[in-house]
Every structure is written in structure tokens, then in C-alpha cells.
Q: 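Structure in C-alpha cells, see below.
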Amino acid sequence: MFSKLKSGTSSVSQGAQVLSTNNILNLFEVGKFVCSAGPELIWKVYEGFRKPDGKEVSIFVFEKKLADKLHKPRRKETVTEILKKSVHYLEMLRQPKLILKVVHSVEDCNDTLAFAAEPVIASLANILAYQASVGGRTVNGPPSTGASIITTTAMPRPAHAREYNFLDFEIKYGIRQIAEALDFLSPQVHHHNVCPSSILVTKTGTWKLSGLEFIVQTEARERITCTPWTSRLPKMAQPDLDYIAPEVQLSSYCSSHSDMYSLGMVIFAIFNNGRPLIQANHSSSTYMKQLDVLENQIHNVLPKLPAQLQEMATKMLSKDVDARPFVKNLLHTPYFCDRFVETIQTLDIINMKDLVQKCQFYKITLKESLPFIPKKIWYQRVWPFLQHEMLKPDVSAAVLHPVIFLIQESSLEDYETLMLPAMSKIFNGPKHVPVQVILLENLHVILEKTPRDDIRKEVLPLLYTAFDFSDIEVQSAAVLAVTNVSQYMDDTAIRRMVLPKLKMVYETNPNDLKIVLNILACLEIILHRLEKQQIIEDVLPLIWIVNQTDPEVIARIAVIYSMILRDKKYGLSVNMIATKIMPTLIPHTMNPGLNLEQFQTLIEVLQDMLEQIDRNQRNKLKLDTISMQSPDRHRPLRHLYSSDNMHAQNFNIPNLKIETRKTSSAEDMVRKNSAGSWWFGGSPSGSDSNFLRVVSSFPNRRLSDNMLNTPKIRVAPSCASSPGSTPVGTGLPIRRHSNVERRGSTINLSPPSLARSMIGGSMPNTSSSVPYLLSSSMNSIRSRRQSTCSQNSSTGILQQLGSGVVKQLSTLQNPYQLFSGNK
């Protein structure tokens, strides 16, 4: 604070320069100019701080040179005495909530008069003067009290006064404060100068009555003789003429009703953009003229006032003194009977209540009223008071209820700048059990607004240490706090600090239903951040020992099991489900305390467990059955699906194109003869002559005139050697061109062998299916390769053999001799 003052603007040095000869500088640091107040706004107000403790104050300064223009030394002394008397009355008539509070009495020197009071931001005259100028009124000369005073004293208009706009709530509360202040003074004195320059707005937004320079004692009489306003006396030594009651000016007496008239004029000025109904311009004759048309002025301005206040305000300005209401009548009007205004008023006098009343007010009344009180009032009136109250051990727990609400509804900027410094004292200071419980239960609200660094340094340590409290309420609140703020904690803290403490809390309080439910809710939140080993070793054993009798406990356990079932990383085995989990859950399906939703949750979890057991066991049993049926149990799994165990009708090879092969004429002849059964003694048909005719007509015909148009096929060695494959050398021979050499073939194509084959009826079917082709000649296809015969060999083995057979048939007279084996 002090460094701020020392490095401030030029106004800081100006304030210190003004008070250079005043002893008040020995006690206070003087800051910049704030506002002006008092008769003709002759009090300059500066910000200040008390040196011993740094308490914030406002320094009121009167520069005596302002009275030099009065010329007469006696008048200068009169002004000084009046101002000193006002400070004396402020100290004597002490009412901290209604009257301006003096912190240090007046200090007088040759140049200045100064005293210290509570911090203020402006006088009502400063604020209303700006509102009057904004209202569009052009003034020749001093148009109103506020404006004229500022012009006369050459005071700069403070920025906060220019920008200050009253809320309806503030006006209602402020007028009520001034009315109560007059009610407080009325048994002893009459104020006799109620006007905007005598009303100060404090830093907390409260309106305080000051300006006791012209106070009049009642002396047990209703009417007191007083001096009317006159031009023979200096203006700064008299009350404000625009707000003086008619009886004072006309009949030279005053009463408590005179102050009610002045307050009525202030009310009209507030709602009339700062302009009073009478603007006398320091002229008694002008005052009298405007007093005659006052009723018209009231009629014109009255619609601007709130409807509930119009009737009472009109009566307050009545020229008939007895027609004016008393202060208590004013306070009981519907306009002031506002529950929320009364709440703020009670906050001002809360220290007069006993402890029970205080706690009741903070926990219920204030907390319920805050949503209906403007935020401006929160930060001006409520929070400055609460931040001091929550440091008191006897009421700190109750005060935290409205404080938590303010934190929740405040912006991040307001919380960090206004509230966090005070909350840090709570986090780091000693805490009673009720305070600890409230902080933990609302920790999520605090962390939403707290910066990340402060969370780690100040707030989370509060949570970790709470588990070590022996009080059961604190432990339960700590578990609940982890559930609400786990997202602000890292995985390491959850695994190493939170989980062990959860187990410890349960072991300490296994039969406390509230704690058990909080622990299960916490496990549900942090489960996905735990490792598999921790779930198996810590979480599941903890759930198994929980007393599962309460329906809500059963439902929460079912939810946790459902989460574990959905993800295999949690390590929940089928054996564990069947032997340890389901036996503990199934009996609770008949628990009469379960509602429909809880029962459905439990049944769904059990069904999921049964399905998981079913899938696991069914797959296992299938594999065991296949293994028992295999001839060689130790054979690799791929042999279980070989051709020995497969019964497929067709076996299709991709991209294999097979065309029907044209048979040779010799083969056709054999089929015809075989169909006529002349091989077995039947009468031969004319087909034998055809056979001989074909042979004799084509003596050089090759046996393989036609070609099997198939793509080149490569067969994997595993298939050739797999069980069930066709042995090499059996099945359909491969037709080839004569220039292709067969290597490794075991097919016997000699005439006797061919004859025996035809007689036995085992002539290969050249149009057999593809599977037969593959199974009978797998090795032949694999071993086939392109012939490397020389250019001199024009015919292959098949051509030579075919030619030999034809020659023998042509030399024989009886074809039967070919197959009898005789040459």
C-alpha cells in the first residue's frame, strides 16, 4: 500500500504538500484527492493509510486560505470554528452505521484543519452534480448547489463520481440510512442541514450522514429558534438555502419536521437527475419566489419517483409542518419494506446480535437473499464485511455459507482479485471441524475459480491432510471431495495417496452407511485411472468385504462391476466372476428393499457375467472336442482341417479355366466297343471295321491331338504331402504335346498295359472333375516342366507308342490278337 502511495501520481505529493505543516502527517500517509464535502464543499477529501497498521482511511482537509476572500478575520475564524465543531459532534454522536465514523480527531495548524474518517468515495453532491450536467441543462452561473460549489472551490470532479450510477436498490437503501440517522439524532438534536453535500457515500456503498456544523439541540422542546439564511454571513458558514425548510426562512424556528422537509427535497433531487426543486442561487428573494410555485414543481417531478414513495414524498414537502410525517412513518411505507434491503441493514448491525442470531442470519437469511441483491452490493457491502467475519472462530463456519455462494456466482477476475487473498488465509490457517467440513463439501466450487498454481500449492494439501482427521465428518467430507475434484488431481496422487486413504477410512468406519456410499461413489469416479494390479489387489477385495445390505450400496456395487466387465484391462477373470462375485450378488436379487431401477441394474450385471462365462466356456469346450476327435492329438492345428476330414463336393481354384477336352478317335472307338460289350463275347457290331478304318486312314495320327487349356498350377509342398492326398502315379494321365518330355512319371503307357487297362474297365475318364484331376496328378503337375528335347527329336514318347500300336493293328488280321499278348 505504502509503495503504491509513494510511486503514485502528482496528486499524492499535492496532498502531502497541502498538509506539510499539519501534525496529521505523523500518523497517516496521504494519497490522492478523492472528493469534496461539507458547506460549499470546502472539505477536500484525500485517501490515506494509518502508519502503524496500514488501515485505510480518508483524510478531510480544510485549507484556510479558501476563507481569505471573506476579508474579515472574524469571519475566517467563524468558519474554522464551525468546521471544528462539526468534527466534535461526529465524535460525540457516534453511530458507526448511520453517522460518519471519525478515526482520528481534528488537527489544527496555521494553514490547514484536518481529521481522519472512514474511507469514502464521494459525497452525494459530487454524484448528483454530474448527473445534473449530463441531464442536458445549460447553466449561466451556478445552476445548482453541487455544480456551483464545485465551480467556486475549483475542485476537480473525481472520475468515480462522474461514472457512478445509483441502482434502485442503492437509492432505496441509502434514503433509508439517512432517515434512520435522523431518527437517531431527533431525541437530542436537529440536524438543520440535510443536503447532498452532508451525505457521504462510503467505500462499501453505505450512505452516511455528516455535516453537523449547524446542529441545533432540542432542549426538550418541539420548536427551536434558529437563524434563517442571510446574505450578511458567508455562504460557507450557513446551511444550503435550496434545502432549508420554509418555517426556518419565514418564521426562524426549526423542528424534527424541518429535517423531514430537507430529506424530501433530497429525494426529489435524486430522482430529478440531481436538480433540486428550488434553485435559489444564494438569494433569499429568489428562494421566496420559487417557494410559491413549489407545488407545481412537485407535480411536474412527482412521476419520476417510485409509485410507492410518491404520496409520502409529497407530504414531506408540505408547507404545513404538522402535515409532514415522522421518520418512523416514512420507514414503514411499502417502498422501504423491502426484505432484501432489511437484510443488508441487518448486516450493518449484526454485531449487536447474539451468537445464535448471527449464525442463523449468515446461514439462512443472508444466503437466501443474495440472489436478489445486485452484484454491485455484493462487492461493496457484503463481501468486505464477510471477509473479516469469516476469520472469527465462533462464526466462521456460518459465514462460509454465503461466501461459497459468492464464489460460485462471481467471475474469475472478481474471485482472483477480491476473494482469493482472503480465502488463502482460510486455506492456510487453523480450521475447526465445521469449517473443514464446509470447505471440503464445496471444494469443487472453489477449484472452479482458483488458478492452477494455487490449487496445487494451497487447496489440494487441504484435501490430503483432511483424511488424517479423526473426526468422522471430516473423513466423509474428504471422500466426497475426491469424488467432486478428481479431475484436478494427477494419476499419481490418486494411486498413491487417495486409494490407500479410502481403504483406511473404510476400515475405520465399516458400518457407517454415509461413508460407505461416499467411498463407492469415489471408486466409481477414479476407477478408470487405476492400474490393473491395484484393481485386483485393492479395489475388488474392498468391494467384497463391504456390507451389502442396503439397496443403494448394492446398486453402486453393481455399477462398479459393470464398469469392470466392459473393459478387459481391469483383469476380471471368468473364474473370479463365477466363484467370488456372482455368489455374493445373486442372493440380493430377492432383496425386498430394491426398487425397480436398482433391481434392473443388478440383473443386467448378472446377465453380462453369465454371457461372459458362456462365451468363454463354450469356446474352450469346442476346442477340447476337436482335439479329442483328431487321430494325432499332437498334430498341428492346421492338419485338423486337411482333406481327410473334409467332405466338400466341389473344390474351386481361383483363375483356373477348364475346357472340355476333345477325345482322340482311338479313345472314341474304345468307348463304342466297350459300350457294345463285344469284349466279353457279344456279337461284334460294325464298329470294329470303323475302328480299323480310322487306324488305317491315319497311320501317323498322334494320340494327343488336343490340348488341355489349363493355366500353369503350382501346388504347395504342404498340400502335396498332406494326409488324404492322392498317391503319385494314379488317376488321370496328363495329355501333353509330343515335344514335351515327362520326367518322373510312373504311368505305364505300353500297349499291353493300355490293353489291360481297357479290358479291366479302368480307362481313365479324361473329362473327370477338377478335384479328381488334382488328387490324382498332384505330383505330376508339380514335377512337370518344359521339355529340353533337341531339334532332331520331332516326336515324343506318346507319338512313338501310338504309332507302334497302329502298326501292329494294321498287320494283324484279327484284332483280338493285340490283347492276347501273342505277337
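Because the structure is predicted, anything quoted here is derived from the model rather than measured. Starting from 1, each residue takes its place in the sequence as its number.
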Q: Mind checking whether Cys35 and Ile121 have side chains closer than 4.5 Å, heavy atoms only?
A: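 With C-beta onward as the side chain, the pair stays apart.
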
Q: Within this structure, what is the CD-CG distance for the pair Gln297 and Leu317, rounded to the nearest 0.5 Å?
A: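 Gln297 CD to Leu317 CG: 11.5 Å, rounded to 0.5 Å.
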
Q: When you measure from the side chain of Gln95 to the backbone N and O of Lys97, does any donor-acceptor pair fall under 3.5 Å?
A: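 Checked: pair present.
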
Q: Which atom names give the shortest non-hydrogen contact between Ser410 and Tyr379, and what distance separates them?
A: CB-OH, 3.3 Å

Q: Could you grab the distance from atom OG1 of Thr314 to atom CE of Met312, nearest 0.5 Å is fine?
A: 10.0 Å

Q: Would you call Lys84 and Glu107 a salt bridge, taking side-chain N to carboxylate O under 4.0 Å as the test?
A: no

Q: Write down the atom of Leu209, the atom of Leu90, and the distance for their closest heavy-atom approach.
A: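 Reported closest heavy-atom pair: O-CD2, 4.3 Å.
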
Q: Just by distance, do the side chain of Ser198 and the backbone of Asn193 share a donor-acceptor pair under 3.5 Å?
A: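 A pair under 3.5 Å: yes.
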
Q: Please confirm whether the ring centroid of Phe115 lies under 6.0 Å from the ring centroid of Trp43.
A: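 Ring centres of Trp43 and Phe115 closer than 6.0 Å.
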
Q: Quick one: pull up CD1 in Ile224 and SG in Cys254 and give me the separation to the nearest 0.5 Å.
A: 6.5 Å

Q: Could you check whether Asn281 and Thr286, counting side-chain N and O atoms only, form a donor-acceptor pair closer than 3.5 Å?
A: no

Q: Whether Glu213 and Lys85 form a salt bridge (side-chain N of Lys/Arg under 4.0 Å from carboxylate O of Asp/Glu) is what I want to check.
A: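 Not counted as a salt bridge, because no side-chain N and carboxylate O are separated by less than 4.0 Å.
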
Q: Quick one, Lys32 with Tyr46, criterion side chain to side chain contact (heavy atoms under 4.5 Å, CB included). Give me CA distance, side-chain angles, the key distance, then yes/no.
A: CA-CA 5 Å; Lys32 62 182 180 181; Tyr46 297 87; 5.9 Å; no

Q: With side chain to side chain contact (heavy atoms under 4.5 Å, CB included) as the test, would you mind laying out the steps for Asp240 and Ile244 before giving the verdict?
A: CA-CA 7 Å; Asp240 193 332; Ile244 288 180; 5.9 Å; no

Q: Would you say that more than 12 heavy atoms from the other residues, nucleotides or ligands in this model lie under 6.0 Å from the CG of Asp292, or not?
A: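 Yes.
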
Q: Could you check if a side-chain atom of Asn22 sits within less than 4.5 angstrom of a side-chain atom of Val61, using non-hydrogen atoms only?
A: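 The answer is no, as the side chains (C-beta and beyond) never meet within the 4.5 Å cut-off.
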
Q: Could you walk me through whether Thr333 and Gln308 pass the side-chain hydrogen bond (donor to acceptor under 3.5 Å, both in side chains) test, one step at a time?
A: CA-CA 7 Å; Thr333 58; Gln308 296 175 327; over 6 Å; no

Q: Under the side chain to side chain contact (heavy atoms under 4.5 Å, CB included) rule, what do Ile407 and Tyr415 come out as? Steps first, then yes or no, please.
A: CA-CA 6 Å; Ile407 294 174; Tyr415 173 75; 3.7 Å; yes

Q: In this structure, is the centre-to-centre distance between the rings of His191 and Phe214 below 6.0 Å?
A: no

Q: I'd like to know if the side chain of Ser318 reaches the main chain of Asp320, judged simply by a donor and an acceptor atom lying under 3.5 Å from each other, with no hydrogens or angles considered.
A: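 The answer is yes, because a donor-acceptor pair under 3.5 Å joins these two groups.
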
Q: Is the number of heavy atoms from other residues, nucleotides or ligands within 6.0 Å of NZ (Lys304) greater than 12?
A: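 Check passes, neighbour count above 12.
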
Q: Any donor and acceptor pair, going by atom type alone, linking the side chain of Thr202 with main-chain N or O of Thr206 inside 3.5 Å?
A: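 Here the side-chain-to-backbone pair exists.
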
Q: For Cys195 and Val266, which heavy atoms make the closest approach, and how far apart are they?
A: CA-CG2, 4.0 Å

Q: Is it the case that more than 12 heavy atoms not belonging to Gln360 sit under 6.0 Å from its CD atom?
A: no

Q: I'd like to check Leu200 versus Phe60 (side-chain heavy atoms, cut-off strictly below 4.5 Å). Are they in contact?
A: yes

Q: Does Arg324 reach the side chain of Tyr261, with side-chain heavy atoms less than 4.5 Å apart?
A: yes

Q: Please determine whether the number of non-hydrogen atoms from other residues, nucleotides or ligands lying under 6.0 Å from atom CD of Glu409 exceeds 12.
A: yes

Q: Using only atom types and a distance under 3.5 Å, with no angle test, would you say the side chain of Ser210 pairs donor to acceptor with the backbone of Leu100?
A: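 The answer is no, because no donor-acceptor pair under 3.5 Å joins these two groups.
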
Q: Of all heavy-atom pairs between Ser283 and Leu241, which one has the smallest distance, and what is that distance?
A: O-CD2, 3.5 Å

Q: Which atoms form the tightest heavy-atom contact between Gln249 and Pro228, and what is the distance?
A: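 Distance-wise, the nearest heavy atoms are OE1-CB, 3.8 Å.
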
Q: Passes side chain to side chain contact (heavy atoms under 4.5 Å, CB included), Lys358 versus Lys363? Steps please.
A: CA-CA 9 Å; Lys358 286 182 180 180; Lys363 292 174 63 176; over 6 Å; no

Q: Salt bridge between Asp111 and Lys64, side-chain N to carboxylate O under 4.0 Å?
A: no

Q: Can Asp259 and Ser262 be counted as having a side-chain donor-acceptor contact under 3.5 angstrom?
A: no

Q: First locate atom OH of Tyr287, then atom CD of Gln279, and finally report the distance between them rounded to the nearest 0.5 Å.
A: 13.5 Å

Q: Is there side-chain contact between Ser123 and Ser197, with heavy atoms separated by less than 4.5 Å?
A: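 Ser123 does not reach Ser197 side chain to side chain.
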
Q: When you check the gap from the basic side-chain N to the acidic O, do Lys319 and Glu295 get nearer than 4.0 Å?
A: no

Q: Only one of Glu56, Glu118, Gln380 forms a side-chain hydrogen bond (donor to acceptor under 3.5 Å, both in side chains) with Lys203, so which one is it?
A: Glu56

Q: Under a plain distance cut-off of 3.5 Å, with no hydrogens placed, do Thr230 and Gln238 share a side-chain donor-acceptor pair?
A: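 There is no such pair between these side chains.
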
Q: Under 3.5 Å, is there a donor-acceptor pair between the side chain of Asn300 and the main chain of Asn296?
A: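 Yes.
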
Q: Applying side chain to side chain donor-acceptor pair (under 3.5 Å), which residue pairs with at least one partner in residues 391-404 are found, sequence neighbours left out?
A: Glu389-Lys392

Q: What pairs meet the ring pair (Phe, Tyr, Trp, His ring centres under 6.0 Å) rule with one or both residues in residues 327-362, with sequence neighbours excluded?
A: Phe340-Phe372

Q: Are any side-chain N or O atoms of Trp378 and backbone N or O atoms of Trp383, one a donor and one an acceptor, separated by less than 3.5 Å?
A: no

Q: I want to check something: taking the side chain as every heavy atom from C-beta on, are His192 and Ile215 in contact at a cut-off of under 4.5 Å?
A: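 No, their side chains stay 4.5 Å or more apart.
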
Q: Do the non-hydrogen side-chain atoms of Leu124 and Phe166 ever get within less than 4.5 Å of each other?
A: yes

Q: Would Lys376 and Glu170 pass as an ion pair if we require N to O under 4.0 Å?
A: yes

Q: What are the two closest non-hydrogen atoms of Leu93 and Phe184, and how far apart are they?
A: O-CE2, 4.2 Å

Q: Under a 3.5 Å threshold, yes or no: a donor from one side chain and an acceptor from the other, between Ser36 and Asn126?
A: yes

Q: Roughly how far apart are Leu406 CG and Gln387 CD, rounded to 0.5 Å?
A: 11.0 Å

Q: Under 3.5 Å, is there a donor-acceptor pair between the side chain of Lys208 and the main chain of Pro96?
A: yes

Q: Examine the side chains of Ser258 and Glu247 and answer whether a donor and an acceptor come within less than 3.5 Å of each other.
A: yes

Q: When rounded to the nearest 0.5 angstrom, what is the spacing between CG in Leu330 and CD1 in Ile175?
A: 8.5 Å

Q: Could you check if a side-chain atom of Val189 sits within less than 4.5 angstrom of a side-chain atom of Val216, using non-hydrogen atoms only?
A: no

Q: Give a yes or no answer on whether the side chain of Glu47 reaches the backbone of Val30 with a donor-acceptor pair at less than 3.5 Å.
A: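 It does not hold such a pair.
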
